[in-house]
Structure formats: C-alpha cells, structure tokens
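I have placed the structure first, in the form of structure tokens, so that the comments after it can refer back to it.
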Amino acid sequence: MPSAIRQAPPTGNGITKFTNCRLVVGDSLVDGDLWVSCLTGKILRSQATFYDEHVLPGETIDLGGRILSPGMIECQLNGAFGFNFSTLLEDMSQYGKKLMEVNRQIVATGVTSYIPTVTSQTSELYRKVVPFLGPSGGLRQSSDGAESLGAHVEGPFLNPTKNGVHNRNVLVEAHSFKDLEEMYGPENLTPTPSSEGNPATPIPIKMITAAPERGNMASLIPEICSRGIIYSIGHSEATYEEASAAVEKGATMITHLFNAMRPLHHRNPGIFGVLGQAESLPRPYFGVISDGIHLHPTTVKIAYNSHPDGFILVTDAMHLVGLPDGAYRWTNGDEENFIVKKGAVLLLENSETIAGSSSTLVECVNNFLQWSGASIPQALKAVTATPAAMLGIQGTKGTLEAGGDADLVVFSEEKNDDGTPRIVVDEVWKFGARVFLNQGPFS
Amino acid sequence: MRLIIRDKPEAASAYVANYIIDRIKHFAPTPAHPFVLGLPTGSSPLGVYRILVEKYKAGEISFENVVTFNMDEYIGIPRDHPESYHSFMWKHFFSHVNIHPNNVNILNGNAPNLEAECVEYEAKIKRVGGIDLFLAGIGEDGHIAFNEPGSSLASRTRVKTLAYDTILANSRFFGNDLDKVPKMALTVGVQTVLEAREVVVIILGARKALALQRCIEQGVNHMWTLSSLQLHPHPMIVCDEDATLELQVKTVKYFKSIEQVALAQGFEQILSSKVRTGPGPETVVQHPREAVNGNGGDDSPTVLSPQPTTSRLLRASSPAREYPVRSSHSPDVGGSDDLVPDRMASRIPEPGLAQRLTPTPEAQSRVGAVGA
C-alpha cells in the first residue's frame, strides 16, 4: 500500500546522494548521480560540495536505474480529495487547514507544486479565497507537501458562449484594470512590500485566464504582465487575429487548448492558429488535457507536434479526484448541481457536458506516452521544465540543475499491453526530504 | 623496467586497474597508514578509472584509506570549469567511489601564491610518507605530467608553461580556440614522480608509439621526460599492441618473454615487500611533524622519503644525505657521492706507470665534467 511519510528523519549532514539513476535532462535520460540537501532544500553542485565543503553524502540511495525526475508541476487544478478551491466556508479559517490537507495528499501523486485554480466566481469569493492560494513554499517545509506557486483565476472575464461548466451568471467584462482590482481585490494583484516584522509577500495571483475579445481585455494585457502575472487566453471566441493581437500584447499561455474555444477552421485557425509561426510572434505555451475525455488522442498529438516546447500537460481536475465513483453535490456560485463521477469521467448530471476531469497528472502523462510515441523524458518535460518555463521559474522548479529546488519524483518504468511505456510514482521528495514512498503491492 | 604488453587497450587498462587494486589490498591501508596514490588525467587513464569504479561498485575494493595526489592542474580557468582537472577527476573517479574529500589532493591553479602552493604540495606528499604508486600517462612527445620536452629531470612541483604542441592538442577541449586554452599549469616535477616508490605508466595507441620507443630504447633525455623512468628502481609501463609499433621486434619479444617465463615459473614480477607495504605507520603518522619541521630531516628514518637512486645521480652537486651511497671502489669517501679522481694506472702494480702520462689531470676532468 502506498503510504505518505510526513518527513524523512534527517540523517547526518542532510545530504542525500541518488546514484545509479536515469536523470531527466532536456529530452533525454542521462545516467548519473544527484546530490540534494534537506537543509537548503536544493539540488547541490556535487563537485563544489566535495572540493569546498569536504563532505560526503550522509545517505546514498541506489535507484537501480530508475528514473529521477523533477517534481511534477500542475497548472490547472480546481481542487482535490474532496476539497474544491472555489469554495466559501462558513468559517474561513478552516480553508487554510483543508488546503494544507490537500497539499499533503496531492504530493503523493508526484505533484510537488501547482497552480490552484479558481473558476468563475463572484468578487466576494475571490477576495476571500485567493489570499489562501498564494505562493506557499516560502518556509521551504517539506512536511507541508505540495506547494502553491500562486493562484490561477480562470474567469470571470470569459466569453459566455464558451463558459464550459462555469456559471454564466457571474461572467463579466473588464474595461479597465480597476475592474480587475474590484473583482479580485487589489491586494491580490499587488505584491505586499515588506513591513516591520513581515517580509514582502509575492502577489497571490500568478495567472489570469480571460477572453481577449471581451470588453477592453486585450488592452489590459500589458498591465497584467507588468506585474509578473501570466495572461492566458481561454474560454474565448477569439479569432486568429484577436488571439494573435493578444499574444503580441503579452499573452504567453493558452488555457486548455481546443476546449472552450473555437475549433480550428482552415480559413480561420482561431486560437490554435497562434501556434503557427506565420506572424513571427513568439509562440505561447498551452495547456492540454490528456485525460482521454476532453480531447481525442490524435488531437493531443497534433498539439504536441505543433509546438513541443510549449506543450504543457494539465489535468483540469475537479475536487473529486482521489474520491470513489458516485454522484457528488456541486455548488457553483448560486447554482447547485450534481456531478457524476465514473472513473476519470465527470459529467453534469443528466447531461453530456464534461464537468472537468478527475485524472491525476501522472495518468495524463501515461495517456500521452501511450498515444504519442513520445519518449518518457519528452512526456515528463511537459509537466516539469515546460510549465516551469511558462511560469518563469525555470531555474528553481522543473529542473535537476544544481541550485534548483530539490523537488523530485522517482519513477519506475513499466510496459502497457501494447508495448508503450508507462511510469509509476515510486518516491516523492520535497525540498530534499522524502515525503512519499510507494512500498509496493506486496508489502 | 617492466613492460607489459596487451593486445587491446581495454586489456591494458584492466591490467593496470587490477594491479592497483592488488597493490592496495596487499598494502592493507588503515587511517593511520593510508595508501598514497598519484593520479593522472587525460585520455589514457580513462579506462583504468572506469574499471576501478566498476570494481568499487562490485565491492571488490575500497578507497576509504587511500590518499590521492594529482599530477597537475591548469592555471587560469575556474576550478569547476568542465575542462579543469578537478572536474575530470570528479567526473571520472571521485564522484563514483568512497574516497573522502579530505584525502584528495589536487594542485590549486587559482591559488593566490602559486609558488607557495607548489612548495606546500611537495611538503604534503612528504607528510603522508611519500607516494606509494604513481599512475601516469604520457603525451605524444613523451611528457609525463606537464613536464614538457626540455623540462629538468630534477624538477619538482612548479609552474610550467605548456608547449605549443600541448596547447594545440588541448584546444579540442576548448572549442578549438587556441586563445581559450590555458597556457600555463601547475605540475609535479619529474623528480616528484621518480620519488614515488613505484611508477606505473599506461600508454595506449599508435600515436604514442614513438614516445614509448624513445623512452625505452633510447637514453635518458630531457626531450622525452618519460625516459627518466629508466632511472627509477620500480617502473612499470603497460601498453597496448599499437603503442609498440615503433619498438624493435626484439624489444617486444624480450619483454613478452619475461612476463611469460615469470608466469611459467610461478612468480610474478612483484616488488619487494618493503616497497609493497610502504613505510610503517610508526615512522610516518606518529611523527609527521618532526619529520617536516626537522629542517632537512637528517634524523628522520630513511624510509620517510622514497629512495630511488636517481636523485643522487641527477643532483651531482648536492650531497645525498637521504640515501646511503654504495661504492665498492671508494669506501673511504663515506657519505659523499662526489666523484673522486681515479687513475687506472694507480691500480696497476707497475712502478713505471707511477709517473703521470698526462701532466694536468685536473684540466682533463674539467673537460669531462657535466654541466648543471
């Protein structure tokens, strides 16, 4: 049975050496060793540690040729293990507690950091919820589990015709940046400078998904980006021209490509069209839900081949991920629905509307491996290095380079019946300490 | 000289690796009595390191009580530059075995005072009791460490300017840009190598064939610094078939026959037990400070330093206090190794020859005197 270990006891000097590993470096697996420290929580420059500090690792772990990958980064997660991030609780002090539980449970799935996503909601909910969802890794505590890299507000400046399961009643237009501040709360869009006794805190919001064609949104993109917030095109009717203009103004991401947007048309390629290089604009990153429900396998493959370096696998998982099958009550703003979970499929009750997914990120990676013929490091790049680059944290997350955070996953490699590879999470390390060990089915 | 010839480079590397492992095992090193190993960099020893790492991982050898001294390091590139010898050693050897960083010694090419760094390096080697086995490779011009052609055979650890040939050869590691190749290096001297109790050289490939020929079949010559090995009491060269291309057939056959006969007779070409086990812990570790601070170490045991006869031969002007001098013809000269003028005529009991045939023998000997 898999078990979550809260914190590995620190041994010796806190330095762990992984040996006999296949390291995920770029698009390949490289034989090598990796040194990490649970004191700094970082990946060490082993040579300098040896020659300068004159120390040897306190612990050496022989991976026996298994894969050592940076921890996975999830860019679209609406909740997990029964807790929906877009929830107002009567006692909001419980919100932080529940979030912490989610963080500790989700780390066991190999997701070491993520962007908690809040769907289209009222201003009240954003203002109350977003402060909890800001970057949470400041203390570098491995026992805290997965780390938020900042909140993703998916809405409410979306196009009502592409609302998906978002509540259409809360969707609005923005005409000035003030509208954004009034919606999310100005404190959620501005970094708090350090004051007496309190260090500066980063902006809670890391990413905004909005439809560029609505209101004045396109002209607000530069202001959003100037604050270090990522503007992502999504839930949009944008034409190719509108999408290109948004990219020109600074949009660097597309939220769940193909879903909640116009399909590719050969005379107007729509949002997907910006992945071509016709306008010689930088191509944005894009999220792809490879849960087997949202997109056809071939569509995923086309998306990957159109721009492999921008390809990010996301789950868009609902809070039901990790729970057993059944019908679950779902409060979406002022609406109340039931969602039926059957395996990884989530449907609105009595409809064929996809209500998000309940796949885990490693399941999405395995789907992609099976469909695309991509190599394991190529697939892992889509949940490590690429999302880190999209978020502008490529030196610290999603890398095995020295100086990066020691968020790691040990994968073993298995084969599907059709001979394609599949990976299994064996161990998860956060800030240089082991937080999960899959002890195997027979232990 | 032991010359071991193997058909393939892998076999030659395996021979050297196994030889080193065998030496360390027989030595039975302890923290107080470590095995001191001199190490080279370059392409020739790569196979040796690979096999040593394999054997370590297979649990056949431990480097826990092994102290290492590297031959050389570039000046003017960062220590962790991918082409530095610190990086080479880390990548190919140290990161894979259980050697403790405190036991690793590599010259610091970025030391503020390079001269002091070199002096301290020599002193460090002395403090641990000298090097038990110095593994070496050679350049195409027969250089050992960075002792380029023309280096003094009596040289010690010092700053060395690299030969143009070496810079050219190394430029392939620096993007073929001659300007990026370091022009200077710190290196142990020929004498430092020769003072090791044993020197093992691995020479692989046809490109090194001329160097091997010069060093084995020709005389001692500072233009082929490896030839100084001829003066060492326990040298061993291990090479592949290609490296023997320039040797005479009879030389190759001779050395091969030595090995075969030795095997057939059931003995190996091994060292005396004293050399194999090195100085005992009593003489080295318990009095390291006295040995170092003793101003010349007149009273220190003679085994503190390795004892090749070469140092005496090479430094004719300096009295060889460290080593006893053997001379059957002039026992009266005692500890001095200065040459004493001797006339053949004086040994012949023929009174007629007592008269000098050459009126000024002093002038004659000056002609024959060797310059410094």
Side-chain angles (χ1 to χ4, degrees), chain A residues 11-26 28-40 42-69 395-396 399-404 406 408 410 429 432, chain B residues 31 34 39 41 46 49-50 52-59 62-70 72-75 77-112 117 120-121 124 128 186:
Chain A
T11 48
N13 51 20
I15 296 176
T16 304
K17 171 185 172 182
F18 294 91
T19 188
N20 219 345
C21 346
R22 287 185 292 158
L23 305 172
V24 177
V25 178
S28 34
L29 293 174
V30 181
D31 291 338
D33 297 344
L34 193 80
W35 292 33
V36 300
S37 166
C38 71
L39 302 180
T40 63
K42 292 191 173 197
I43 296 166
L44 294 175
R45 210 171 293 280
S46 56
Q47 182 178 334
T49 307
F50 183 83
Y51 286 130
D52 286 333
E53 320 289 332
H54 289 235
V55 291
L56 288 175
E59 188 185 12
T60 298
I61 295 180
D62 189 336
L63 291 187
R66 283 180 293 166
I67 295 164
L68 188 61
S69 163
T396 26
T399 178
L400 295 181
E401 290 291 316
L408 308 168
V410 177
W429 291 63
Chain B
L39 293 174
T41 50
L46 275 178
Y49 288 131
R50 189 176 42 76
L52 287 178
V53 168
E54 276 171 18
K55 300 274 180 183
Y56 163 74
K57 289 192 170 166
S62 166
F63 295 94
E64 193 181 356
N65 295 315
V66 174
V67 172
T68 66
F69 283 88
N70 262 84
D72 38 22
E73 176 59 287
Y74 288 117
I75 294 173
I77 59 173
R79 185 198 63 195
D80 294 336
H81 186 285
E83 292 305 330
S84 80
Y85 290 167
H86 277 82
S87 297
F88 178 99
M89 291 310 297
W90 175 248
K91 186 173 165 200
H92 296 292
F93 191 48
F94 295 149
S95 65
H96 307 294
V97 298
N98 64 336
I99 192 155
H100 196 280
N102 288 340
N103 291 339
V104 167
N105 300 283
I106 308 183
L107 285 156
N108 176 7
N110 294 301
E117 170 76 12
E120 170 58 18
Y121 204 66
K124 242 194 263 174
V128 297
L186 295 181

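All chains are named by letter (A, B, ...) in the order of the sequence lines, taking the proteins before the strands, and each is independently numbered beginning at 1.
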Practice task
Return yes when atom NZ of B/K91 has more than 12 non-hydrogen atoms of other residues, nucleotides or ligands closer than 6.0 Å, and no otherwise.
Solution key: no
Problem - Nearest non-hydrogen partners of A/D33 and B/S95, listed with the distance - result: OD2-O, 3.6 Å
Handout entry: Distance-only donor-acceptor check, side chains A/Q47 and B/S87, under 3.5 Å
Key = yes
Handout entry: Crowding at CZ, A/R45 (>12 non-hydrogen neighbours, <6.0 Å)
Key = no
Fill in the blank from the handout: When rounded to the nearest 0.5 Å, the distance separating CG of B/D80 from CG of A/D52 is 7.0 Å
Practice task
State, with a plain yes or no, whether a side-chain heavy atom of B/H96 is found less than 4.5 Å away from one of A/T19.
Solution key: no
Handout entry: Partner set under side chain to side chain contact (heavy atoms under 4.5 Å, CB included) for A/L400, not counting sequence neighbours
Key = A/L23, A/L34, A/I43, A/P70, A/L408
Problem - Whether B/F94 and A/Y51 hold their rings parallel, tilted or perpendicular, with breakpoints at 30° and 60° - result: perpendicular
Practice task
Please look at B/I106 and chain A and tell me whether the side chain, the backbone, both or neither of the residue comes under 4.5 angstrom of a heavy atom of that chain.
Solution key: side chain
Exercise for the section: For residues B/P101 and A/L56, determine if any side-chain heavy atom of one lies less than 4.5 Å from a side-chain heavy atom of the other. Expected result: yes
Handout entry: Heavy atoms of other groups near B/E54 CD, more than 12 under 6.0 Å
Key = yes
Problem - CA sep, side-chain torsions, deciding dist, call: B/V104, A/H54, side-chain contact (heavy atoms from CB on, under 4.5 Å) - result: CA-CA 9 Å; B/V104 167; A/H54 289 235; over 6 Å; no
